[in-house]
2 protein chains.
Amino acid sequence: MAQSSNVTPLFNDLAKVEHDHNIACQDCALYRLCLPLGLHRNDLAELDEIIQRSQSFPRGHALFNTDTSFHSIFVVRSGSFKTTVQAVDGREHVTGFYFPGEFIGMDAIYAKAYKSTAKSLESSTVCELPFEKLQEFSATMPQLQIQLMSRLSRELSGDKSLMFLLGKKTAEEKLATFLLSISKRFQDRGFSAADFQLTMSRGDIANHLGLAVETISRLFTRFQDDGLIYTKNKAISLRDAERLKQLCG
Amino acid sequence: MAQSSNVTPLFNDLAKVEHDHNIACQDCALYRLCLPLGLHRNDLAELDEIIQRSQSFPRGHALFNTDTSFHSIFVVRSGSFKTTVQAVDGREHVTGFYFPGEFIGMDAIYAKAYKSTAKSLESSTVCELPFEKLQEFSATMPQLQIQLMSRLSRELSGDKSLMFLLGKKTAEEKLATFLLSISKRFQDRGFSAADFQLTMSRGDIANHLGLAVETISRLFTRFQDDGLIYTKNKAISLRDAERLKQLCG
DNA sequence: TGGCCGCATTGACCTAGATCAATAATCGTT
DNA sequence: AACGATTATTGATCTAGGTCAATGCGGCCA
């Protein structure tokens with residue numbers, strides 16, 4: 001996964017993260033994207049203590065499911081995850097994809113129980129944040145508390161957009177929006193906004209967007225024929241991000 | 001709006017709330033559903049000070065829109081609201097409906113800007129919670145902080161279910177789910193779970209569920225023909241909540 | 001108390017995207 | 001390297017729900 005030239009120095013070594021499990025928050029390549037941002041040095045050291053760092057999961061492993069008792073929220077350290085909610089009849093919906101620095105499990109705080117399942121899409125690592133401790137700490141670290149609320153609020157805001165997408169957008173608009181969202185997130189992490197690997201299957205994408213796999217497949221083909229993208233299996237290049245943006249609606 | 005006999009004493013006077021603007025949190029009929037739950041008496045008194053209480057809005061008035069600068073989140077005191085997100089092309093999606101004790105505007109915390117619009121569906125009142133102050137206070141009131149996070153998390157959890165609904169459910173399942181959700185919320189507020197007024201238009205319901213008005217209208221007719229509900233304009237009675245539940249999927 | 005105007009209902013028809021079915025390409029395993 | 005299993009692509013057909021159009025109804029204001 002060699003990086004192109006426009007990568008900021010900060011993220012040069014992002015790929016190394018998973019080989020270096022015991023790195024402290026302040027030295028972590030994800031620092032700017034992650035929870036500790038804005039914490040005082042002393043507070044950060046304290047926080048460091050409670051974080052269960054860099055647990056590894058092979059591809060397809062469940063980080064938690066609805067039977068797991070709730071104690072922690074998680075931050076992706078490397079790799080990627082998907083979360084799903086399930087109905088009694090077995091239907092499931094992919095509610096989101098999560099990349100390094102993003103939080104998983106915040107919707108469980110209220111009920112103190114996971115109502116969804118999180119699965120790794122590739123070999124991945126997470127940092128585990130014991131929630132009780134986190135709450136204790138926020139009592140004396142206003143900045144931590146602000147960060148947590150901010151995270152919650154950001155996901156909420158994203159979910160509202162997703163509701164619009166699911167409720168109002170056409171298949172074409174859905175896929176264009178999805179591709180640009182992923183692109184943006186790769187870019188934010190110092191990777192190329194144009195070329196990346198889709199770690200999730202076509203089925204996962206289709207499910208997430210409320211479409212059939214066949215529709216996604218056809219759209220990929222059409223977008224490629226129209227010169228918007230180039231795909232080869234899981235690899236994708238955005239060839240005309242501008243036109244893609246116009247397709248988002 | 002006379003109440004049926006199974007109403008808890010606590011909520012007997014819910015209808016009076018809007019006539020009694022300066023009632024303190026601890027004496028408010030919504031106390032059990034609202035933010036102050038679990039706060040110590042002294043803390044509550046302090047919180048009371050910063051709350052801008054019971055501002056009134058006539059039907060159709062915007063509580064805020066995307067041009068409003070963000071300073072506060074709101075709790076519905078009486079009446080009801082809808083929130084919408086808009087695309088540049090004018091399409092809009094109704095992201096939620098809000099009843100007494102429910103919070104509006106939490107998705108704005110992250111960006112410190114409202115990305116949605118909130119409109120009253122009937123003559124309504126809100127309590128305004130200045131967010132800066134709220135954050136200051138939570139530094140010394142762990143319970144307040146927990147309440148806030150809990151609220152955020154609960155809405156997040158609800159939005160995931162809504163995503164499932166929008167992405168996977170049939171029109172019939174969507175409407176059944178919607179009706180039972182509203183029913184549950186009325187019940188939680190001490191009103192009848194079976195008979196209530198839908199304060200939103202058919203168009204709002206359709207939009208929220210990702211359907212056309214005509215589809216909603218046809219479903220109402222069919223549900224009524226099947227003895228599941230009885231409707232007369234905005235009034236609705238759930239006649240067979242059990243079967244309705246089975247239709248939710 | 002009657003006359004709008006916006007909302008709701010109903011029917012006829014249409015279409016975006018689902019479903020079904022048949023390959024084809026990839027991946028993980030031995 | 002070969003194989004079975006999973007995942008992706010492509011084509012043919014179908015359908016849930018959308019769109020269009022006409023009519024009905026209720027609430028509101030003069």
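Just so you know, these numbers use all the heavy atoms, side chains as well, and skip hydrogens, waters and symmetry mates. Not measured: the values here are computed from a predicted model. Each chain gets a letter, A, B and so on, in the order the sequences are listed, and its residues count up from 1.
Between A:Arg185 and A:Glu102 a salt bridge is recorded (basic side-chain N to carboxylate O distance below 4.0 Å). With respect to the salt-bridge test (charged N to carboxylate O, under 4.0 angstrom), the residues B:Arg218 and B:Glu172 do not qualify. Contact check on A:Glu155 versus B:Lys160 returns a salt bridge, with a Lys/Arg side-chain nitrogen under 4.0 Å from an Asp/Glu carboxylate oxygen.
Here the side chains of A:Leu30 and A:Val75 are not in contact, with every heavy-atom distance at 4.5 Å or above. The side-chain heavy atoms of A:Leu211 and A:Lys174, taken from C-beta on, include a pair separated by under 4.5 Å. Counting heavy atoms from C-beta outward, A:Thr83 and A:Thr117 have side chains that stay 4.5 Å or more apart.
Within residues 202-217 of chain B, the residues that have a heavy atom under 4.0 Å from DNA chain D are, in order of number, B:Gly210, B:Leu211, B:Ala212, B:Glu214, B:Thr215. At a non-hydrogen distance threshold of 4.0 Å, nothing from residues 82-93 of chain A comes into contact with DNA chain C. Applying a 4.0 Å cut-off to non-hydrogen atoms, the residues of residues 163-171 of chain B that approach DNA chain D are B:Thr170, B:Ala171, listed by residue number.
In terms of the salt bridge (charged side-chain N to carboxylate O under 4.0 Å, His left out) criterion, residue partners of A:Asp240 (sequence neighbours excluded) are, by chain and number, A:Arg243. Taking the salt bridge (charged side-chain N to carboxylate O under 4.0 Å, His left out) definition, one finds that A:Lys82 meets it with A:Asp204, sequence neighbours left out. With sequence neighbours left out, the side-chain hydrogen bond (donor to acceptor under 3.5 Å, both in side chains) criterion links A:Thr231 to A:Gln224. Residues forming a ring-ring contact (aromatic ring centres under 6.0 Å, His included) with B:His93 (at least two apart in sequence, or on another chain): none. Legend: residues meeting salt bridge (charged side-chain N to carboxylate O under 4.0 Å, His left out) with A:Lys168, ordered by chain and number and at least two apart, are absent.
When rounded to the nearest whole Å, the span between CZ of B:Arg218 and P of D:dC20 equals 13 Å. To the nearest angstrom, P of D:dG17 lies 16 Å from CZ of B:Phe220. Distance CG (A:Leu219) to P (D:dA8): 15 Å, rounded to an integer number of Å.
Checked by atom type, the side-chain pair B:Thr125/B:Ser56 shows no donor-acceptor distance below 3.5 Å. Side chain to side chain, B:Thr66 and B:Lys115 fail the donor-acceptor criterion of an N or O pair below 3.5 Å. For the 3.5 Å distance criterion, the side chains of B:Asp195 and B:Ser237 qualify, holding a donor opposite an acceptor.
Pairs passing the ring-ring contact (aromatic ring centres under 6.0 Å, His included) check and including a residue from residues 214-245 of chain B, sequence neighbours excluded, do not occur.
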What does the list of N/O pairs under 3.5 Å between the protein and nucleotides 24-29 of chain D look like, with a distance for each?
{"unit_1": "D:dG26", "atom_1": "OP1", "unit_2": "B:Lys232", "atom_2": "NZ", "d": "3.4"}

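Between the side chain of B:Arg77 and the main chain of B:Pro100, no donor-acceptor pair closer than 3.5 Å is present.
Taking the six-membered ring where the residue is Trp, A:Phe196 and A:Phe186 present parallel rings, their angle staying beneath 30° rather than reaching 60°. A parallel orientation is assigned to the rings of A:Phe64 and A:Tyr114, their planes being inclined by less than 30° (bins at 30° and 60°).
The footprint of chain B on DNA chain C, defined by a heavy-atom cutoff below 4.0 Å, extends from C:dA8 to C:dA12.
An angle of 60°, rounded to 10°, separates the two end axes of the helix from C:dT1-D:dA30 to C:dT30-D:dA1, each defined over five pairs.
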